[in-house]
Q: 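This is the structure I want to talk about, given as structure tokens.
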There are 2 protein chains.
Amino acid sequence: MEKYDIVIVGAGPVGLTLSTCLARWGYKIKHIDNRPEPTPTGRADGIQPRSLDLLRNMGLKRQIMAYEPAKVYEVAFWDPAASGIHRTGTWASCPKFIDARYPFTTLLHQGMIERVFIEDIEKHGGKIQRPWTITDFENDGKDANYPVQVSLAHVDGTQKETVRAKYLFSGEGARSFVRDKLGVKIIHKDPISHVWGVMDGVVRTDFPDIKMKCTIHSDAGSIMVIPRENNMVRLYIQIASSTDPDFNPRKSATAEEVQARAQAILKPYSITWDRVEWYSVYPIGQGIAERYTLDERVFMGGDVCHTHSPKAGQGMNTAFLDAVNLAWKIHHVESGFSPRSILKTYESERKLIAENLLNFDAKYAKLFSTRLPSAGEVAGATQANQMPAEENEFIKTFKASCEFTSGYGVAYNANTLNWSSAHPAQHPLFLSAGNGTTLRTGRILLPATVTRVCDANVVHLEQEIPLNGSYRFYLFAGEPEATKNAVKDLAAHMGKKSSFYGTFLHKNEDVDRYHERHNPHTQFLSICTIFNAPRSQISIAKQLPSVFARYNDHVYADDVWDQRVPDAKAAAHAKMGLDERKGGIVVVRPDGYVGCVVRLEEGNGTGEALDAYFGAVCGQKFGGERASL
Amino acid sequence: MEKYDIVIVGAGPVGLTLSTCLARWGYKIKHIDNRPEPTPTGRADGIQPRSLDLLRNMGLKRQIMAYEPAKVYEVAFWDPAASGIHRTGTWASCPKFIDARYPFTTLLHQGMIERVFIEDIEKHGGKIQRPWTITDFENDGKDANYPVQVSLAHVDGTQKETVRAKYLFSGEGARSFVRDKLGVKIIHKDPISHVWGVMDGVVRTDFPDIKMKCTIHSDAGSIMVIPRENNMVRLYIQIASSTDPDFNPRKSATAEEVQARAQAILKPYSITWDRVEWYSVYPIGQGIAERYTLDERVFMGGDVCHTHSPKAGQGMNTAFLDAVNLAWKIHHVESGFSPRSILKTYESERKLIAENLLNFDAKYAKLFSTRLPSAGEVAGATQANQMPAEENEFIKTFKASCEFTSGYGVAYNANTLNWSSAHPAQHPLFLSAGNGTTLRTGRILLPATVTRVCDANVVHLEQEIPLNGSYRFYLFAGEPEATKNAVKDLAAHMGKKSSFYGTFLHKNEDVDRYHERHNPHTQFLSICTIFNAPRSQISIAKQLPSVFARYNDHVYADDVWDQRVPDAKAAAHAKMGLDERKGGIVVVRPDGYVGCVVRLEEGNGTGEALDAYFGAVCGQKFGGERASL
């Protein structure tokens, strides 16, 4: 019986992201999908700012952008007016208070996004087996290493396969065989459900905001407008709601009916269609799976675990992050870096995000569906382009949710991975938000622009280590003279075989790693060093101990001015809230979220704190005691 | 006999650029090359900042960047020291005083660049016929429309073709059949010639600047280091010079000899090669063709017209600009926009640039070859990383030439296209550098970041009109209230059938141009309007007369802060040196160079000035008089 590291069911965003990561990291994957080809038209299309960071970190952003997606920088709000509708205001989709590298939403048809992942998987020797489906599975433990048996079949039933795997992942979408067989229930957070119509097409109109994302409330109903690649526009129209007196979840509408409705809503503007690329009507309830896994062998993610309205464009983005969160944890367990128990944090971290999403969505969907008072009844909303003094609840909710909807609101609670004062690792040198750093554990690392020393390239620090499954170790080394001894002491500590670093050194020393940039010593960790000094004054060989100097491509000068910290001499240090002279160490999880921040000090303290943190993460004791054995 | 608009000989950078432009604009092209396939390895590799702008304007930058080229931001200077060599300083390859969107040189093997063009040509239905060569040609005028007869043959002589064409272009490289047959002489500006060795490969070294561009002078000789894609390094070593006492232009050296020489020069650092991808030795003289065309039917460009040393990375970049300069002029003549006489400006404009290049190159090459005094003899050059108080002549020349070598120094002299006080068009409303504008005619338009009104995207204004062969008309409309009447008057003027605008309206009005963004009314011109106002306060339909409002995708808010003009309210207006309140009009040639700048005023003056400018460009009278006929 063929054995695989993982069987992945479903080649939508969540399955593809997981497959892409694990294929790159060398895992043997059986990936099936029950559709004969990738999504041909329609479905999800919004890539949030944070997701674009992620795609860039995976080296896929350029391929996405090659499709020339639409970019949404602002959302326009239209409300009822005396004669039809009028714009009451606009708001940035990712406002300036969010420190985003790409402060816009990228709109591209899901099929193109799937193709980008599929090409990458194929480049790494993988493939999607289509149209195949899962027919049975069991974690029977008959093989300790490959405890899950999975039965697969061609959708026409002509071919069958049974394989064993270390893991099974379901990215099947809202209807999931795996979830059903596990008996995992979907909890409906909000009893309200809706029937939506969605239409992609090319239009002619004099509506001035047709290239903007718009939410339009009119006396004739509500609509959402979303620009798309290839001069297309997507319209979302709510066709029925369970709050309607005569609600019928099977209520439908023809494309022509939806177009007529859109025409009525957009008055006094006109709109006609040159062509319709995709049209669909579907009921959407709000649901969340009670569990994401029962045994840390069979996992689920994406729409299998959470469904909600499409309006905030969160489905695909949540799926990406589900997959990445799981991918690196499986990788660390299988690499022997971490105990199996870290797999429990997949559910605890990702289910919280889904719950936040559903809470937001319920509120937003309800407000979106609420008919607003007509203009005659509204005070203050007369001057076009200006937000009425008293904003309506919908706009208020939208604004308050920008951080969440842009993807930067993801905040994982404290646990073994995300340090807090309650973490098993205790040491006086840990820094916490407001106390020596601005960074918050469990949140994404802030972006920062620096100059790479080896080639003088101006680069985005947060992107310098690709999504390679390694922890990211940022040694903010402050002023070289001030931290010289501290850096030397840390290097000496890390150089010990018993340290968190020394423990995971490559076993095979015969491999030629001269050209290895990110993982010259270990797959566990990649190191960046950032000096508060002009690039021309930094000498990697002279100023850094060999453990850090070896990462020759990852030494940076913090010498690029930043508008957000205009008075800082070292903007990256300043943004992280670290002492510009004395620096500090930021440990970032393989998925980009901050794990812990440690003061950089002379002596053993810094190394000990790091040993303690990684000791908890890795479930083993690092440092002095073992060294003295 | 088959007839073509143009026969292009040679598929190096100059031929491919010309072919790409003309293919997009709908011309029928016969394009041949005598090599069986694109450049497989080696040859040119440096794309200057200005060229990257151009490639982006052609929509090809993303494809170039997909190859992950190296980027050179700084150049390091190494000079003889007591024990080998030491770095005496570094300098930006495109310093901050140059307002460049991409302040770096992009290093990528010529074959990859050629492939990007070839794919684009194929997308537009063209192809390169290989390996074919030109065997004869004559501008015999036997067909008034297709005056040039060209004979072509497969390089193995088995196939032949004779065709007629409107134009023949030679991009054959330094050895040119066309140039020889025309009897055009190459003038050797500098009698000195050199033999160069160039080697691309993957190295191992402890030389700290191996990922930088370096010029290294040592007691063992001089070398230039250039980083490349795929972890490669290019080394240029001068093997012989006509100033050597025993100069032999056929002197050669083996790869091993060049490596040994590099090892000696780099001491005390070590260097070895993992692999050598390309190695070549070639003699280079400095030469410039006396003429680029004799009859404005048979043209030449690129290396056919100018050869020089490879050290400043100018060859391919000059070729790109030769081709674009010619492409739009042929297009305007063939479209009936301009008289045949504008073709004369190809030679006058491009030969001047080549002469400047050769003057620079002669000086630079000579200095590069000059052995510097050893460290013992040099005062002040002791502190590493700091430029010695008294810079040597080589470094001074390098610094002084940055604007030129980055491509932004290209300055075409005044002529019919580039307005000056001596231009045939005379009107009090023309502005000139220092007198109402900072822009200089014959120079590239300055970059500016603005917000596009229709979709709130933050965009690069100078890139908004693609290289579509149209003149670019930037209506800087200042504050809407202040310019309302002036804009209305200008629109009324342009709306007349006799104006420079009205004269070239599309003939066929039955074509559906609803989705046409850049050329809704005419192929002659594309219009952008930039208001000094926040985006949310601009209403295209209400604030602009229909001639401007029709360019719905080309209306911008000048509301993005710019570090270069930190106090300006309207940064784009300020950078162009235009009155932030009253605006002004900038006319840019299809290749991005400023043609003229005109004050925006109420009444007929602005329109008259523009009529006068375009009247000279187009060789016909525009404006009132014809209108009254």
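Residue numbers start from 1 in every chain, and the chains themselves are labelled A, B, ... in the order their sequence lines are given, proteins ahead of strands. These numbers were taken from a predicted model, which means no experiment stands behind them.
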Q: What residues form a side chain to side chain donor-acceptor pair (under 3.5 Å) with A:Glu464, not counting sequence neighbours?
A: A:Arg452, A:Tyr556
Q: Which residues in residues 57-70 of chain B have any heavy atom lying under 4.5 Å from a heavy atom of chain A?
A: B:Arg62, B:Met65, B:Ala66, B:Glu68
Q: Please identify each residue that fulfils side chain to side chain donor-acceptor pair (under 3.5 Å) with A:Thr451, with sequence neighbours left out.
A: A:Asp559
Q: Any salt bridge between A:Asp455 and B:Lys213, counting N to O under 4.0 Å?
A: no
Q: Which answer fits B:Asp553, side chain, backbone, both or neither, if we ask what part of it has an atom under 4.5 Å from a heavy atom of chain A?
A: side chain
Q: Do B:Asn457 side-chain atoms and A:Lys71 backbone N/O form a donor-acceptor pair below 3.5 Å?
A: yes
Q: Mind ranking A:Tyr514, A:Phe104, A:Trp561 by heavy-atom pairs under 4.5 Å with chain B and telling me who comes out on top?
A: A:Tyr514
Q: Tell me, for B:Val459 versus chain A, whether the close heavy atoms (under 4.5 Å) come from the side chain, the backbone, both or neither.
A: neither
Q: A side-chain contact here means heavy atoms from C-beta on lying under 4.5 Å apart; do A:Arg517 and B:Asn231 qualify?
A: no
Q: Could you have a look at B:Ala76, B:Pro534, B:Ala456 and say which one has the most heavy-atom pairs with chain A under 4.5 angstrom?
A: B:Ala456
Q: Enumerate the residue pairs fulfilling salt bridge (Lys or Arg N to Asp or Glu O under 4.0 Å) with a member in residues 90-101 of chain A, sequence neighbours excluded, ordered by first and then second residue.
A: A:Asp99-A:Arg564, A:Asp99-A:Lys575, A:Arg101-A:Glu462
Q: What part of B:Asp274 is in contact with chain A, defined as an atom under 4.5 angstrom from a non-hydrogen atom: side chain, backbone, both or neither?
A: side chain
Q: How long is the span from the OG atom in B:Ser536 to the CZ atom in A:Arg87, to the nearest 0.5 Å?
A: 8.0 Å
Q: Is the shortest side-chain heavy-atom distance between A:Gln563 and B:Gln563 below 4.5 Å?
A: no
Q: With only heavy atoms counted, which part of A:Val75 is less than 4.5 Å from chain B, the side chain, the backbone, both or neither?
A: neither
Q: Quick check: do A:Val453 and B:Lys211 have side-chain heavy atoms less than 4.5 Å from each other?
A: no
Q: So, taking the atom named CE in B:Met212 and the one named SG in A:Cys454, what distance separates them when rounded to the nearest 0.5 Å?
A: 9.0 Å
Q: Check whether B:Val458 gets within reach of chain A through its side chain, its backbone, both or neither, counting any heavy atom under 4.5 Å.
A: both
